[in-house]
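The analysis underlying the following values was restricted to heavy atoms, covering all of them including side chains, and did not include hydrogens, waters or symmetry mates. In what follows, every chain begins at residue 1, and chains take the letters A, B, ... in the order their sequences are listed.
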Protein chains: 2
Amino acid sequence: MTTTHSADGAVPLDRVWPDEFFTDLDHNCPVPLYYQVSTRLERAICDGDIPAGARLENEVAIAQRLGVSRATARRSIQALVDKGLLVRRRGIGTQVVQGQVPRPLELSSLYDELKDTDHAPATRVLLHEVLPATGPIAERLRVPEGDDVLHIRRLRTSDGGPVAILENYLPGGFLDLSAGELAAQGLYQLFRARGVAIRVANQAVSARLVDAEEADLLGIASGDPVLTMERIAFDDPGDVVEYGTHCYRPDLYAFETTLVAK
Amino acid sequence: MTTTHSADGAVPLDRVWPDEFFTDLDHNCPVPLYYQVSTRLERAICDGDIPAGARLENEVAIAQRLGVSRATARRSIQALVDKGLLVRRRGIGTQVVQGQVPRPLELSSLYDELKDTDHAPATRVLLHEVLPATGPIAERLRVPEGDDVLHIRRLRTSDGGPVAILENYLPGGFLDLSAGELAAQGLYQLFRARGVAIRVANQAVSARLVDAEEADLLGIASGDPVLTMERIAFDDPGDVVEYGTHCYRPDLYAFETTLVAK
DNA sequence: TAGTGGTCTAGACCACTGT
DNA sequence: CAGTGGTCTAGACCACTAA
């Protein structure tokens, strides 16, 4: 067998690197080089321009072709390894993962998810009140008991049908969030608009039976199950931004994730 | 205010770096330097030896103290940033996240989870058969329809009580997995023992009502809800290793996760 | 302005894999 | 053995933040 083929349509086993996708790298652009490479490479893979199972050229060769250091090339590749698109094996090489399309999804809001998947999200604000934090709420929001917090309850619909009931508590800094704002945008959008970036969140997903009021709101029968999610979200400095307990119609919603081993 | 305090018990606002935790770094050890630093640093944070909210010394100083390059020190810190324990801000510094203990949890098996949390997991094999793959199963396992696959159904108990019913299909390479092995160990343990490393998994969590047989097995009433999980797991080269549909008692189990924003 | 993290380079040596 | 990814170094310049 020779070492280099060029146009064998069937199974390109030899090293692959499509230079043509990387002609417009800009070393003077404010966007980092590794990111430019990474995004282009990701697109080439997702579009199938680099076929599943293909072996990439080795890192030093890639770095040379791109005109960047090996560290930079490596960092670009690492980003896709972390996403589960590429697999590295020492002594072997780097390979595109075999057929599958691992969806991204992480730490996003229901509103964003629905919007991104071409559903039309809408929100009805069922409750909007400021009250002093009771024990359990104060504990979860990490504020002193008795501090004013915002308590909201929303019905989230998608394409007109009810999908979830979202109950949230927010600490003192957000008392001025209006019902109008909450009806028009997702909670996490409002956070972003205020310059609050969610950094970490702890969440637990489970199930229970629906209660009568929820059944009515969600348009399901009493005795039906609901999917539940409880979440505490933290901002950059580690302060609690939101505590929420949500319940979802399990026939309309599931928590889908792609997990990548460390 | 002076720039360096030493023993002000209350609020150590100045830069923090406990040299004493890093006296045993071994440059000749096969375990990577960045990993040695990272694990020690993580423990110091989790044990509270570096208090929540503390600001770390700057990266160049840390690197000097450790006797490593800045890149290595940086990589150690980055690992903890990815875990949500640290926050970096350009022009400001690196800070320990304010009070919380984000649990790890990612791509692990129920068996491991129970074991790690000091519960005693046990497995009863309810079903163990080899059969030709029907359409939907073949599609999910990415094997030709009619290929032999292993179909298993297990009851997982914790401290003697039933927690979940695990139904799985495995492709041809695993037909020889015995019922005895499955009773004694978790599925993912068996994979590891065979040198199969799970790399990526797609999973969806939802809820439904329990059926009569399941209710009996799980020791709950018919009409009760169960938490469901469906998962397809891929190994290093991207081949499907396992397809499973599980159902859990929601009063005994929840999917807990810590999400970190990219 | 001085200090911080964010990026990048051009080397180097090693451990592992196949032949 | 030669080739691969994994790690590490010692520099450098930049963008951002605060005083």
Could you give the [atom1]-to-[atom2] distance, from [X] to [N], as a whole number of Å?
{"X": "R55(B)", "N": "dA18(D)", "atom1": "CZ", "atom2": "C1'", "result": "11 Å"}
{"X": "Q78(B)", "N": "dT7(D)", "atom1": "CD", "atom2": "P", "result": "15 Å"}
{"X": "E59(A)", "N": "dG6(D)", "atom1": "CD", "atom2": "P", "result": "6 Å"}
{"X": "N28(B)", "N": "dT7(D)", "atom1": "CG", "atom2": "P", "result": "16 Å"}
{"X": "Y35(B)", "N": "dA15(C)", "atom1": "OH", "atom2": "P", "result": "19 Å"}
{"X": "Q64(B)", "N": "dT9(D)", "atom1": "CD", "atom2": "C1'", "result": "14 Å"}
{"X": "Q95(A)", "N": "dG5(D)", "atom1": "CD", "atom2": "P", "result": "11 Å"}
{"X": "I77(B)", "N": "dG5(C)", "atom1": "CD1", "atom2": "C1'", "result": "10 Å"}

Worksheet item: Considering only dT7(D), dT7(C), dT4(C), which nucleotide approaches the side chain of R75(B) most closely?
Response: dT7(D)
Distance-minimising heavy-atom pair for [X] and [Y]:
{"X": "V96(A)", "Y": "P51(A)", "result": "CB-O, 3.7 Å"}
{"X": "R140(A)", "Y": "V240(A)", "result": "O-CG2, 3.7 Å"}
{"X": "A133(A)", "Y": "V143(A)", "result": "CB-CG2, 4.3 Å"}
{"X": "I62(B)", "Y": "A73(B)", "result": "CG2-CB, 4.2 Å"}

Discussion item. Over the length of the helix from dT1(C)-dA18(D) to dG18(C)-dC1(D), how much do the five-pair end axes diverge, rounded to 10 degrees?
Written reply: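 Taking five pairs per end, the axes differ by 10°.
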Discussion item. Heavy-atom nearest nucleotide on DNA chain C for I92(A) versus L33(A): which residue maps closer to 5'?
Written reply: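 Taking each residue's closest nucleotide, the earlier one in sequence belongs to L33(A).
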For [X] and [N], is the shortest distance between a side-chain N/O and OP1 or OP2 below 4.0 Å?
{"X": "T72(B)", "N": "dT9(D)", "result": "yes"}
{"X": "T94(B)", "N": "dT4(C)", "result": "no"}
{"X": "N58(A)", "N": "dG3(D)", "result": "no"}
{"X": "R89(B)", "N": "dT17(D)", "result": "no"}
{"X": "Y34(B)", "N": "dC8(D)", "result": "no"}

Worksheet item: Going by the angle between their ring planes, with limits at 30° and 60°, are F191(B) and F174(B) parallel, tilted or perpendicular?
Response: perpendicular
Worksheet item: Where do E242(A) and Y188(A) land on the side chain to side chain donor-acceptor pair (under 3.5 Å) test, with the steps shown first?
Response: CA-CA 10 Å; E242(A) 171 239 344; Y188(A) 280 33; 2.8 Å; yes
Worksheet item: Is R74(A) close to R88(A) at the side-chain level, that is, under 4.5 Å between some pair of heavy atoms?
Response: yes
Discussion item. For a 4.5 angstrom cut-off between non-hydrogen side-chain atoms, does H27(A) reach V68(A)?
Written reply: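 Heavy-atom side-chain distance check passes, below 4.5 Å.
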Item to complete: Verify salt bridge (Lys or Arg N to Asp or Glu O under 4.0 Å) between R194(B) and D235(B), making sure each step is shown before the conclusion.
Response: CA-CA 12 Å; R194(B) 294 176 164 229; D235(B) 65 2; over 6 Å; no
Pull out every protein N or O sitting under 3.5 Å from an N or O of nucleotides 11-14 of chain D, one pair per line with the distance.
unit_1	atom_1	unit_2	atom_2	d
dA12(D)	N6	R70(B)	NH1	3.3

Discussion item. Using a 4.0 Å heavy-atom cut-off, does V60(B) contact any base of the nucleic acid, only the sugar-phosphate backbone, or nothing at all?
Written reply: nothing
Practice prompt. Identify whether any heavy atom of R74(A) sits under 4.0 Å from a base atom; if not, whether one sits that close to sugar-phosphate; answer base, sugar-phosphate or nothing.
Written response: base
Practice prompt. Quickly, which of V130(B), V149(B), L177(B) forms a side-chain contact (heavy atoms from CB on, under 4.5 Å) with L170(B)? Name it, please.
Written response: L177(B)
